[in-house]
J.: 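Let me give you the structure first, and then I'll get to my questions.
Just so we're clear, the structure is a prediction, and the values are computed from it rather than from any experiment. Note that the numbering runs from 1 along the sequence shown for the chain.
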Amino acid sequence: MVRDWWRSLERAPEPLTERQWGSVIAATLFAAVSRFLALARTPWDWDELLFMLSLDHFDVARHRPHPPGFPLYVLSAKIIRKLGFGDFHSLQALSFLGAIAIVPAMFFLCRELRMRFSTSLFAAMLLAFFPNVWFYGGGAFSDVPSMTLIIVAITLLFAGCCDERAYLAGTAMLAIAGGFRPQNLAVGFLPFVIASLFRKKRIVVSAMVIITIVVGLSYGFAAWLTGWSEYRRALQVHQAYIMRIDSFLSPIRPPLWRVFDDFFVMPYHAPAINAIIGILALLGVIRLRPYVLVALAAFGPLCIFSWLMLDRFSASRFSIGYAPLIALLAADGLTTDTRRSQRLLWVLCASVVILMIVWTWPALAAVRQSIAPPIAAVDWIRNHVDRRSATIYIDTAMVPFGEFYLPDYQLRFVRELPPPPVWTRRQPGFWVREQESRSPNAENFTRPHGRLYELARQRYFEVSVQPVVDVVRFGSGWYWEEGEGAQAWRWMGSHSEALLPSISGDARLTLSLYVPLDALDALPNVTVRVNGMVVDRFRAGLKNAKREIIVHARADRPNELAIDTDRTVVPAAKHLAADARLLGLRLNAIGWMPAR
């Protein structure tokens with residue numbers, strides 16, 4: 001059977017009948033129209049903002065975009081922007097174009113693999129209406145256009161087994177797909193090798209030169225724009241981050257057997273759909289047709305790499321890269337017991353597609369009709385906050401949103417600088433963070449969880465803009481605020497109390513303290529309690545003490561902070577100054593935020 005399949009590559013597939021062409025065209029138009037329903041109203045995700053920032057300031061070292069840079073994807077968006085599109089819509093247009101081409105691209109790939117007409121068309125429709133493929137085809141991501149490009153490249157390469165021009169076109173398309181995402185080169189490697197076995201040596205050499213030049217120039221130009229040493233350093237740092245945080249070597253990642261279903265069974269949480277597709281794909285694997293073997297060998301390395309190395313919380317999007325394999329297997333598995341009843345086959349095909357459409361519809365409606373919470377937050381700031389006088393404190397998760405939408409504001413990124421003196425009332429300030437705030441003066445921007453929460457990565461559903469005066473409420477033991485603006489501070493005596501906002505889960509408490517060692521008789525012992533529990537105790541041997549503590553916070557009510565010191569001084573009594581207050585510690589800055 002394998003030998004017969006191999007020999008069939010030497011000739012073109014059987015031509016389609018007029019009726020079959022009609023079916024393909026109808027399916028293509030139906031899927032293309034449905035792509036409009038997935039067009040998001042605004043960007044929503046961190047990566048989308050990085051791509052948007054890269055259109056004007058390409059710098060991989062600053063993650064504009066993230067390594068390795070996706071050079072041809074960014075270049076394509078810049079070309080589309082020349083037509084009058086904005087940054088977001090230029091990137092979104094690429095996703096949209098890639099999405100509407102899914103059905104014909106996947107159908108003809110299956111045909112070149114010598115699959116039956118009905119199985120080929122079902123695989124194409126399955127892929128187009130996979131909930132994650134449909135959803136992410138309406139955003140500003142590289143995943144869907146990259147997936148479509150590699151499908152086209154593989155299709156042309158297999159067509160190149162009997163047509164030299166198709167072989168060279170497939171080679172060029174593979175190189176372009178590699179310039180979009182380097183993982184595509186791994187997917188296209190086996191199809192390129194198979195097609196090359198049918199071509200003369202000089203043609204194969206020419207093809208390899210094409211791939212080397214296009215891919216080399218793409219990433220070479222990305223390195224040149226970034227700076228050669230900075231680019232190399234960015235790749236090393238990014239690789240180290242993936243190994244430490246996302247990969248199977250990370251101590252915080254669950255075992256591989258526990259994340260298997262995240263990548264291959266339930267990349268989105270639709271139990272009925274997951275079960276149907278999983279069973280059908282398993283049946284396709286069991287049949288082990290020659291084209292199934294080839295598809296497994298082509299997409300297998302990407303499957304394994306994703307499972308071992310990538311962020312499991314983003315499996316819904318990352319699994320798009322090998323979604324064509326899942327669609328092919330599921331389509332082949334469906335035909336196992338339906339050879340004698342083509343009508344039943346089409347009914348089953350339509351039923352599965354309709355089920356996916358019905359399940360995905362509410363999620364698409366949410367992003368199409370509403371403004372994403374991060375965008376609503378920055379819009380509120382632009383409409384209500386004076387850029388000339390206010391400071392905007394940007395939480396780590398919101399950095400690219402601040403950089404893109406608030407470049408003319410005075411921004412302070414919490415990840416880069418010490419936490420702000422959030423008690424100051426003399427300089428207007430607002431804290432933007434990815435979490436809902438319980439403060440009565442905060443502005444909260446949310447999206448209902450619902451179906452969208454089961455499909456997309458579970459981030460940026462709640463964003464708040466909170467006046468900094470509401471972050472900490474100082475109670476007994478604290479003196480009045482002194483200083484001004486960023487140089488404001490507060491003194492306490494031997495004991496102080498304050499209330500911190502509610503936070504769900506763990507929180508990071510950061511304290512910047514000044515200890516008057518030159519006026520004390522001995523080194524003080526300092527104790528920090530949160531909600532009655534001792535979370536830090538230290539002997540202060542330096543004038544400037546910085547403490548960072550991870551604590552379990554309360555989500556239903558404010559958190560109580562208490563600080564004690566066993567050494568105090570009255571400056572006037574020691575003739576050091578006219579200050580007659582009892583002084584223990586001076587708080588220069590305090591930070592309180594989710595521990596992510």
Side-chain angles (χ1 to χ4, degrees), residues 391 393 412 414 416-427 429 431 468-503 506-554 558-593 595:
T391 299
Y393 299 102
R412 188 170 183 181
V414 174
E416 298 173 352
L417 299 172
V422 291
W423 56 84
T424 178
R425 296 176 182 269
R426 300 180 186 177
Q427 182 181 10
W431 184 19
V468 294
V469 296
D470 295 324
V471 175
V472 178
R473 284 184 282 169
F474 290 90
S476 62
W478 291 102
Y479 295 107
W480 288 102
E481 173 194 325
E482 302 173 67
E484 184 174 353
Q487 302 302 318
W489 66 81
R490 280 181 186 262
W491 279 100
M492 60 167 276
S494 60
H495 174 80
S496 66
E497 298 176 358
L499 292 179
L500 306 174
S502 58
I503 287 180
D506 289 341
R508 178 180 287 105
L509 172 64
T510 310
L511 301 171
S512 179
L513 302 168
Y514 171 77
V515 186
L517 294 180
D518 52 352
L520 298 176
D521 298 329
L523 298 180
N525 295 299
V526 180
T527 303
V528 181
R529 292 181 175 84
V530 174
N531 300 325
M533 301 291 294
V534 175
V535 296
D536 193 21
R537 182 180 284 123
F538 64 97
R539 191 174 183 84
L542 299 174
K543 289 185 177 181
N544 295 299
K546 296 183 183 295
R547 314 295 294 182
E548 184 172 296
I549 314 155
I550 303 298
V551 303
H552 186 72
R554 296 192 300 211
N559 293 271
E560 300 169 359
L561 170 66
I563 304 176
D564 291 278
T565 176
D566 62 358
R567 293 287 186 272
T568 57
V569 62
V570 179
K574 288 198 170 187
H575 306 289
L576 299 174
D579 194 339
R581 297 177 298 177
L582 180 71
L583 304 180
L585 299 169
R586 189 181 78 191
L587 181 62
N588 292 331
I590 182 172
W592 176 250
M593 62 197 71

J.: Quick one: are Trp491 and Asp579 in side-chain contact, heavy atoms under 4.5 Å?
T.: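 The answer is no, as the side chains (C-beta and beyond) never meet within the 4.5 Å cut-off.
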J.: Could you give the distance from OG1 (Thr527) to CG (Asp536), rounded to the nearest 0.5 Å?
T.: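 The OG1 atom of Thr527 sits 8.5 Å away from the CG atom of Asp536.
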J.: Run the salt bridge (charged side-chain N to carboxylate O under 4.0 Å, His left out) test against Asp566 and tell me which residues pass, sequence neighbours left out.
T.: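 So Asp566 forms no salt bridge (charged side-chain N to carboxylate O under 4.0 Å, His left out) with any residue.
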J.: If you define the side chain from C-beta out and look only at heavy atoms, does anything of Val551 sit under 4.5 Å from Asn531?
T.: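 When only atoms from C-beta onward are counted, Asn531 and Val551 do not touch, as no gap falls below 4.5 Å.
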J.: Any sub-3.5 Å donor-acceptor pair from Trp489's side-chain atoms to Arg586's backbone N or O?
T.: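 No, Trp489 side chain to Arg586 backbone: no donor-acceptor pair under 3.5 Å.
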J.: Testing the basics here: between Asn588 and Leu513, what is the closest heavy-atom pair and its distance to 0.1 Å?
T.: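 Scanning both residues completely, I find the closest heavy atoms to be ND2-C, 4.4 Å.
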J.: In Å and rounded to the nearest 0.5 Å, what is the OG to CG distance from Ser494 to Leu585?
T.: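 One finds 9.5 Å between OG of Ser494 and CG of Leu585.
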J.: Given side chains that start at C-beta, do those of Thr568 and Pro516 come closer than 4.5 Å, heavy atoms only?
T.: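 No, their side chains stay 4.5 Å or more apart.
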J.: Under the salt bridge (Lys or Arg N to Asp or Glu O under 4.0 Å) criterion, do Arg554 and Glu560 qualify, and how do the steps go?
T.: CA-CA 9 Å; Arg554 296 192 300 211; Glu560 300 169 359; 3.8 Å; yes
J.: Quick one: does any side-chain atom of Tyr479 pair with a main-chain N or O of Gly493 as donor and acceptor, under 3.5 Å?
T.: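 Not confirmed, Tyr479 side chain does not pair with Gly493 backbone.
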J.: Between Tyr514 and Asn544, does a side-chain contact (heavy atoms from CB on, under 4.5 Å) hold up when you go through it step by step?
T.: CA-CA 5 Å; Tyr514 171 77; Asn544 295 299; 3.8 Å; yes
J.: Check this for me, if you would: do Lys574 and Asp518 make a salt bridge, where the nitrogen-to-carboxylate-oxygen distance has to be below 4.0 angstrom?
T.: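 A salt bridge is absent here (no side-chain N lies under 4.0 Å from a carboxylate O).
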J.: Is the backbone N or O of Ala553 less than 3.5 Å from a side-chain atom of Asp506, with the two atoms forming a donor-acceptor pair by type?
T.: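 Pair absent, no side-chain N/O of Asp506 close to backbone of Ala553.
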J.: Any heavy-atom pair between the side chains of Leu509 and Leu561 that's under 4.5 Å?
T.: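 A side-chain contact under 4.5 Å exists here.
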J.: What are the two closest heavy atoms between Gly541 and Leu523, and how far apart are they?
T.: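 Taking Gly541 first and Leu523 second, the nearest heavy atoms are CA-CD2, 4.1 Å.
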J.: Closest heavy-atom contact between Pro524 and Leu517?
T.: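 Minimum heavy-atom separation between Pro524 and Leu517: CD-CD2, 3.8 Å.
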J.: Could you pull out all residues at least two apart from His495 that satisfy side-chain contact (heavy atoms from CB on, under 4.5 Å)?
T.: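 For His495 the side-chain contact (heavy atoms from CB on, under 4.5 Å) partners, ignoring immediate neighbours, are Glu497, Ala562, Asp564.
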J.: Are Val515 and Lys543 packed together at the side-chain level, in the sense that at least one heavy-atom pair is separated by less than 4.5 angstrom?
T.: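 No, too far: nothing below the 4.5 Å cut-off.
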J.: Determine whether a donor-acceptor pair (N or O, by modelled atom type, separation under 3.5 Å) exists between the side chain of Arg412 and the backbone of Tyr393.
T.: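 Between the backbone of Tyr393 and the side chain of Arg412 there is no qualifying donor-acceptor contact (under 3.5 Å).
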J.: If you look at every heavy atom in Leu583 and Pro571, which pair is closest and at what distance?
T.: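 In this case the closest contact between Leu583 and Pro571 is CD1-CG, 3.7 Å.
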